[in-house]
Amino acid sequence: MRFVHSQAIFLIAVCGIIVAGQDDVAVAGEGEDEATTPATDKSPVRMKTKNLMKPSFIPYCVTRDVCKPVCDCAIYEDCEILEMNADVRNRILVALNQARSIQTKGEPQASGMPKLVYEMELEEISKCWSARCEDEYSECFRTPFYTETTQTVGLLPLDIQVSELPLDYWDRTIQIWLGEVRKTNAEVVSSLPAGKRGEDVHSYAQILADRIHKVGCAWSRLVPTGGSSEQPSLIFVCTFAPRGPRQGEAIYKTGKACTTCHDGYQCDNKKPFEFLCKDVNTVVAHPQGKTDDEQHIREDEEKPRGISLDEPEEIASISPKTIPRKANPYKTRTVARSSTFIYGIDRCMVVLLLSLVRCF
């Protein structure tokens, strides 16, 4: 029962904390039934272009035969890589760290949850993968420092008439990823299940994995041409390092907060993330996160590049609010499975005491 209560608190957090002051953010509603789609029928075949989105470093691809075809980083037809800037990075990073912070005070309580730091090399990997404009994730990428990475990938249908792309779209996607908490319990947290049960919580497991402490993201836009039957969509990719949990591994260790921080990490009791373990060697970027790419690197060149962006100084409370159900068009697939899973969040009716922004 304690875990069920924690899930309810987590879901209202998902509906509220990511909004960051936006009044018109759509909330993902109840998902549809799962449908199985053969891989050969998932979408029309799109051709690669000669343009590449390769990372600026090597190695960036795992040397397995199965990975060779997906590591060319070719930009596919009708796929446009969208801009990443300090505002987008900050929005993503704060939302993900808010979710982690909540779990340090929920049940089962996370005992050594690191605060995520943004990594530019992981962003380059995410750009490479987003150039395909496909709603699948890959585990074929690495960096010179991290030999394994994992990803979360999301797709949102897009109105072709939309001329601007507000950050709300990132809010919606992260909200849906976190909505997988509905399919978790204490057993899942302690040992990630195999097969479909594990895939059902894949995105949640990456965001809440205490072995992960770096993230870098990218997004792209699919605008089909030439009579294609594909729907205009936005694709969201976040790459995490080190890799997330595998089958049988815990998503995170449980116990009193801050008691199992990794070596070189400790809690500093500074709000709003006082119970997240922080890298004592991280160099904090510009106070408002308004930095250019030259400032998004560590001073120590022997360590991987990373930035630690600032968060709001205070935690605001959220009043009880009923969120109306809406259709959830979100879909996600994995490279290993052809099933399409549709996720959504039912309702949020619990008082959230821990949040960084006001509710809708």
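The analysis underlying the following values was restricted to heavy atoms, covering all of them including side chains, and did not include hydrogens, waters or symmetry mates.
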Go through D279 and H262 one step at a time and tell me if the side chain to side chain contact (heavy atoms under 4.5 Å, CB included) criterion holds. CA-CA 9 Å; D279 184 351; H262 298 293; over 6 Å; no
Would you sort out whether E136 and V153 count as a side chain to side chain contact (heavy atoms under 4.5 Å, CB included), showing the intermediate values? CA-CA 6 Å; E136 300 175 342; V153 177; over 6 Å; no
Go through the steps for S126 and T239 under the test side chain to side chain donor-acceptor pair (under 3.5 Å), then give the verdict. CA-CA 6 Å; S126 295; T239 304; 2.7 Å; yes
Using the side chain to side chain donor-acceptor pair (under 3.5 Å) rule, take Q151 and S138 through it: C-alpha gap first, then chi angles, then the decisive distance, then the call. CA-CA 6 Å; Q151 293 179 329; S138 173; 4.9 Å; no
Determine, stepwise, if the pair E121 / Y146 fulfils side chain to side chain donor-acceptor pair (under 3.5 Å). CA-CA 10 Å; E121 289 180 349; Y146 298 107; over 6 Å; no
Chi angles and distances behind the side chain to side chain donor-acceptor pair (under 3.5 Å) call for T152, S203: CA-CA 5 Å; T152 56; S203 297; 5.1 Å; no
Steps toward ring pair (Phe, Tyr, Trp, His ring centres under 6.0 Å) verdict (H213, F240): CA-CA 8 Å; H213 51 85; F240 298 88; over 10 Å; no
Residues Y76, T49; criterion side chain to side chain contact (heavy atoms under 4.5 Å, CB included); working and verdict: CA-CA 5 Å; Y76 279 55; T49 69; 6.0 Å; no
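Here L82 contributes atom CG and E80 contributes atom CD; the two are 5.0 Å apart, rounded to the nearest 0.5 Å. Between the CD1 atom in I125 and the CD atom in E119 there is a gap of 9.0 Å [rounded to 0.5 Å]. In this structure, CZ in R182 is found 14.0 Å from CG in N185, a value given to the nearest 0.5 Å. Taking CG of L155 as the start and CD of Q231 as the end, the distance is 8.0 Å to the nearest 0.5 Å. With rounding to the nearest 0.5 angstrom, the CG atom of D78 is 6.0 Å from the CG atom of L222. Between the NZ atom of K183 and the CG atom of D200 there is a distance of 4.0 Å, given to the nearest 0.5 Å.
For D65, the salt bridge (charged side-chain N to carboxylate O under 4.0 Å, His left out) partners at least two apart in sequence or on another chain are K68. Taking the side chain to side chain contact (heavy atoms under 4.5 Å, CB included) definition, one finds that C277 meets it with C261, Y265, C267, sequence neighbours left out. The side-chain hydrogen bond (donor to acceptor under 3.5 Å, both in side chains) check on S233 picks up nothing, with sequence neighbours excluded. Taking C71 as the reference, Y60, C61, C67, C140, F141 meet the side chain to side chain contact (heavy atoms under 4.5 Å, CB included) condition, with sequence neighbours excluded. With sequence neighbours left out, L52 forms a side chain to side chain contact (heavy atoms under 4.5 Å, CB included) with K54, A74. Under the side chain to side chain contact (heavy atoms under 4.5 Å, CB included) criterion, T147 pairs with R142, not counting sequence neighbours. Qualifying salt bridge (charged side-chain N to carboxylate O under 4.0 Å, His left out) partners for R246, counting only residues two or more places apart in sequence or in other chains: E148. Under the rule for a side-chain hydrogen bond (donor to acceptor under 3.5 Å, both in side chains), N51 has no partner lying at least two apart in sequence or in another chain.
A pairwise comparison of heavy atoms in R197 and V188 identifies NH2-CG2, 3.4 Å as the closest pair. Between I235 and V237 the shortest heavy-atom distance is CG2-CG2, 4.1 Å. Contact between E249 and R243 at its shortest, heavy atoms only, is OE1-NH1, 3.1 Å. Considering all non-hydrogen atoms of both residues, K253 and D210 come closest at N-OD2, 2.7 Å. Residue A241 comes nearest to T149 through the heavy atom pair CB-CG2, 4.2 Å, listed as atom of the first residue, atom of the second, then distance. Minimum interatomic distance between P245 and I251 (heavy atoms only, all atoms of both residues): CG-CA, 4.1 Å.
Grouping Ile, Leu, Val, Met, Phe, Trp and Tyr residues whose side-chain heavy atoms lie under 4.5 Å apart, directly or via other members, leaves F275 alone, with no other cluster members. Alongside I81, the hydrophobic cluster contains M53, I75 (criterion: ILVMFWY side chains under 4.5 Å).
Side-chain atoms of T150 and E139 include no donor-acceptor pair closer than 3.5 Å. For the residue pair E124/S56, the side-chain donor-acceptor check at 3.5 Å is satisfied.
Remark: side-chain polar atoms of S130 are not paired, donor with acceptor, to backbone N or O of A218 under 3.5 angstrom. Side-chain atoms of R172 never come within 3.5 Å of backbone atoms of L167 as a donor-acceptor pair (strictly under, hydrogens ignored). Side-chain atoms of E180 come within 3.5 Å of backbone N or O of Y204 as a donor-acceptor pair. Side chain of S190 to main chain of A186: a donor-acceptor pair is present (N/O by atom type, distance under 3.5 Å, no hydrogens or angles). Here the side chain of D135 pairs no donor or acceptor atom with the backbone of G154 at under 3.5 angstrom. A donor-acceptor pair under 3.5 Å links the side-chain atoms of N97 to the main chain of L116, judged by distance alone. Remark: side-chain polar atoms of T259 are paired, donor with acceptor, to backbone N or O of K256 under 3.5 angstrom. A donor-acceptor contact shorter than 3.5 Å is absent between the side chain of T104 and the backbone of A110.
Using a cut-off of 4.0 Å between Lys/Arg side-chain N and Asp/Glu carboxylate O, E77 and R132 are scored as not salt-bridged. Between R91 and D168 there is a salt bridge, with a side-chain nitrogen of the basic residue lying less than 4.0 Å from a carboxylate oxygen of the acidic one.
Contact of the V215 side chain with the I92 side chain is not registered, since no non-hydrogen atoms from C-beta on lie closer than 4.5 Å. For the pair K127 and W129, the minimum side-chain heavy-atom distance is 4.5 Å or more.
The aromatic rings of W219 and W170 sit tilted, their planes meeting at an angle between 30° and 60°.
Sorted by first then second residue, the disulfide (SG to SG under 2.5 Å) pairs that include residues 94-130, not counting sequence neighbours, are C73-C128. Under the disulfide (SG to SG under 2.5 Å) criterion, the residue pairs touching residues 181-224 are C217-C238, with sequence neighbours excluded.
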